[in-house]
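All values below were derived from every heavy atom in this structure, side-chain atoms included, with hydrogens, water molecules and symmetry-related copies excluded.
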Amino acid sequence: MVLLIPMRQFAQGIGYTLLSAAYVILSLAATVLAIGGAIEYIEGSKHWAILPTVFVLLAIACGNWLVLRHARRHAHVAT
């Protein structure tokens, strides 16, 4: 649900803080999944396809947080 929120409307103020916190939580959850997936692959209980899957999820979460930061920087420059 966090990935569906339009970033432009939340580039400043309390909306930025809330959306940024949501992205940080999403990134932390994706990191936990990535580490867990890698450990389970090493143990042999998961298929190798878990590695690219969890790392793509991690990249999407962290990438969206970086885009939000970039949008905020451009919002400050425009004002």
Side-chain angles (χ1 to χ4, degrees):
M1 293 303 293
V2 172
L3 296 175
L4 295 174
I5 297 172
M7 288 185 197
R8 247 174 231 226
Q9 288 79 17
F10 292 93
Q12 294 181 357
I14 190 75
Y16 172 79
T17 305
L18 292 174
L19 189 56
S20 183
Y23 278 132
V24 168
I25 292 169
L26 183 64
S27 295
L28 289 174
T31 302
V32 168
L33 284 175
I35 292 170
I39 290 171
E40 290 176 354
Y41 168 71
I42 291 170
E43 290 175 346
S45 62
K46 293 284 184 183
H47 191 266
W48 66 267
I50 192 73
L51 294 177
T53 304
V54 295
F55 287 116
V56 165
L57 178 65
L58 180 61
I60 290 171
C62 292
N64 274 291
W65 182 67
L66 290 173
V67 168
L68 178 66
R69 289 187 61 207
H70 182 72
R72 182 175 186 180
R73 186 174 309 135
H74 283 291
H76 283 295
V77 171
T79 57

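Shown here for Ala34 and Leu58, the closest heavy-atom pair between the two residues is CB-CD2, 4.4 Å.
A side-chain hydrogen bond (donor to acceptor under 3.5 Å, both in side chains) check over residues 37-46, counting only residues at least two apart or in different chains, returns nothing.
A single hydrophobic cluster is not seen to contain both Val56 and Trp48; linkage of ILVMFWY side chains at heavy-atom distances under 4.5 Å, directly or through other members, places them apart. Taken together through direct or relayed side-chain contacts under 4.5 Å among Ile, Leu, Val, Met, Phe, Trp and Tyr, Leu19 and Leu66 form part of one hydrophobic cluster. Cluster annotation: Val67 is connected to Val24 through the hydrophobic network of ILVMFWY side chains, with a link wherever side-chain heavy atoms come within less than 4.5 Å. Following chains of ILVMFWY side-chain contacts shorter than 4.5 Å, one can reach Leu26 starting from Leu28, so the two form part of one hydrophobic cluster.
The hydrophobic cluster containing Ile25, built from Ile/Leu/Val/Met/Phe/Trp/Tyr side-chain heavy atoms closer than 4.5 Å, comprises no other residue.
In this structure, the side chains of Leu68 and Asn64 stay at 4.5 Å or more apart for every pair of heavy atoms.
For the atom pair Leu33 CG and Ile50 CD1, the distance stands at 8.0 Å (nearest 0.5 Å). Here the OH atom belonging to Tyr23 is positioned 12.5 Å from the CG atom belonging to Leu18, to the nearest 0.5 angstrom. Within the model, atoms OG1 of Thr53 and CZ of Phe55 stand 10.5 Å from one another, a figure rounded to the nearest 0.5 Å. Considering CD1 of Ile60 and OG of Ser27, their distance stands at 11.0 Å, rounded to 0.5 Å.
Looking at residues two or more places apart in sequence or on another chain, you find a side-chain hydrogen bond (donor to acceptor under 3.5 Å, both in side chains) between Ser20 and Trp65.
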